[in-house]
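Data first, discussion second: the structure below is written as structure tokens.
Position 1 is the first residue of the sequence, and the numbers go up from there. Note that these values count all heavy atoms, side chains included, but never hydrogens, waters or copies made by symmetry.
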Amino acid sequence: MSLDGFIAFEDNSIGRLFDWYEAGDVVIENAGDLPAFHLTQQSADYWLERLESLGCLVVGRVLFDFTDGWHGRHPMDVPVVVLTHEPPSDWSYPGSENFTFVTTGIEDAVAAAQQIAGDKVVSVTAGVIAEQALRAGLLDEIAIDLAPVFLGHGKRYFADLDVETVIGDAIRVIPTEKVTHLLFPVPR
């Protein structure tokens with residue numbers, strides 16, 4: 001997220017938000033088509049810890065379409081649940097069987113993801129999906145990778161919260177080169 005609260009421009013491009021993926025010497029290989037990341041040691045430790053616990057990812061249709069479903073293999077190499085009004089009818093790549101499309105709301109998408117993940121963590125992507133999950137009381141924590149950039153406009157992390165939402169004090173703050181990783185508990 002940028003310092004002014006954006007996660008992407010209106011066209012879904014990200015500017016310099018992810019410069020931290022190339023800020024260090026630790027090579028992190030990605031599944032699928034993305035090249036390896038070069039993270040600082042602190043970011044690599046954080047990334048690998050989160051990745052090890054991850055069992056399934058919930059994304060929205062906009063991100064799915066923007067990435068073309070990562071050509072059937074998410075860079076984190078985990079199953080993906082896509083919350084959508086209408087599943088794609090012509091999308092097929094090797095690995096596409098690891099993608100589940102849910103049309104009945106965020107609660108059902110998270111439930112499907114939890115069934116897939118088993119004892120592992122379900123993660124929801126920032127933006128509309130995270131906001132829906134927060135409103136539904138489905139989040140245990142909010143993770144923010146805060147980049148030292150201003151985007152000035154675009155899509156906000158939580159754009160349309162219409163009530164005062166208070167989360168707990170940060171349970172972890174990891175400052176690194178070009179990003180600060182923040183984890184906040186969500187009170188029940």
Side-chain angles (χ1 to χ4, degrees), residues 1-8 14-31 34 36-60 63 74-81 83 106-107 109-114 116-151 154-161 163-188:
M1 179 177 77
S2 67
L3 291 174
D4 51 350
F6 295 100
I7 57 171
I14 54 172
R16 299 188 61 187
L17 280 178
F18 291 96
D19 283 1
W20 63 277
Y21 283 175
E22 294 300 320
D25 297 327
V26 181
V27 177
I28 302 291
E29 296 294 337
N30 285 301
L34 281 183
F37 297 154
H38 298 89
L39 304 180
T40 63
Q41 187 64 57
Q42 300 95 324
S43 285
D45 292 346
Y46 169 80
W47 181 270
L48 293 172
E49 176 187 317
R50 305 232 358 125
L51 187 59
E52 184 178 308
S53 68
L54 185 61
C56 192
L57 184 62
V58 179
V59 305
L63 180 58
H74 191 276
M76 293 175 147
D77 206 19
V78 295
V80 177
V81 172
L83 180 58
I106 190 66
E107 292 88 351
V110 171
Q114 193 62 69
I116 293 166
D119 292 337
K120 291 197 159 201
V121 170
V122 169
S123 182
V124 299
T125 55
V128 173
I129 298 300
E131 187 169 313
Q132 289 178 13
L134 181 63
R135 285 179 191 223
L138 300 172
L139 297 183
D140 296 322
E141 71 179 12
I142 295 172
I144 296 173
D145 299 316
L146 187 62
V149 299
F150 291 98
L151 294 185
K155 298 180 178 186
R156 292 197 180 276
Y157 195 154
F158 293 102
D160 294 318
L161 289 178
V163 296
E164 182 178 300
T165 302
V166 178
I167 57 176
D169 294 334
I171 54 174
R172 281 182 73 189
V173 177
I174 305 164
T176 73
E177 193 73 25
K178 299 192 187 239
V179 68
T180 299
H181 305 289
L182 303 163
L183 294 171
F184 297 93
V186 177
R188 296 278 174 186

Could you check Asp140 against Val186 for side-chain contact (heavy atoms from CB on, under 4.5 Å), going step by step and ending with a plain yes or no? CA-CA 5 Å; Asp140 296 322; Val186 177; 5.9 Å; no
Quick one: OG1 on Thr180 to CD1 on Ile144, what's the gap to the nearest 0.5 Å? 11.0 Å
Kindly compute the distance separating CD (Gln132) from CD (Glu107), expressed to the nearest 0.5 Å. 8.5 Å
Minimum-distance pair of heavy atoms, taken over all atoms of Ser2 and Val149: CB-O, 3.3 Å
Atom pair CD1/CG of Ile28 and Leu48 - distance to nearest 0.5 Å: 4.0 Å
For a side-chain contact (heavy atoms from CB on, under 4.5 Å) check, start with the C-alpha distance between Met76 and Trp47, then their side-chain angles and the critical distance, and finish with the verdict. CA-CA 10 Å; Met76 293 175 147; Trp47 181 270; 3.6 Å; yes
Audit row: Arg172, Glu141, salt bridge (Lys or Arg N to Asp or Glu O under 4.0 Å) steps and yes/no: CA-CA 11 Å; Arg172 281 182 73 189; Glu141 71 179 12; over 6 Å; no
For Ala133 and Leu139 the tightest heavy-atom approach is CB-CD2, 3.7 Å
Mind checking the CD1-CG spacing from Ile129 to Leu138? Nearest 0.5 Å is all I need. 11.5 Å
Should Ile142 and Tyr157 count as side-chain neighbours, where that means a heavy-atom distance under 4.5 Å? yes
Show the nearest heavy-atom pair for residues Ala36 and Glu29, with the distance to one decimal. CB-OE1, 3.7 Å
Between CG on residue Leu151 and CZ on residue Arg156, distance to nearest 0.5 Å: 10.0 Å
Heavy atoms only: give me the nearest Phe150-Asp4 pair and the separation to one decimal. CA-OD1, 3.6 Å
Taking every non-hydrogen atom, the tightest pair across Phe6 and Leu17: O-CD1, 3.9 Å
What's the separation between atom NZ in Lys178 and atom CG in Leu39, rounded to the nearest 0.5 Å? 13.0 Å
Apply side-chain contact (heavy atoms from CB on, under 4.5 Å) to Lys120 and Val78, showing your working. CA-CA 11 Å; Lys120 291 197 159 201; Val78 295; over 6 Å; no
Could you work out, with ring-ring contact (aromatic ring centres under 6.0 Å, His included) as the rule, every residue matching His181, not counting sequence neighbours? Trp20, Tyr46
Going by side-chain contact (heavy atoms from CB on, under 4.5 Å), Pro79 matches just one of Leu54, Ile116, Leu57. Which one? Ile116
Return the minimal non-hydrogen interatomic distance between Leu183 and Ala143, and the atom names on each side. CD2-CB, 3.4 Å
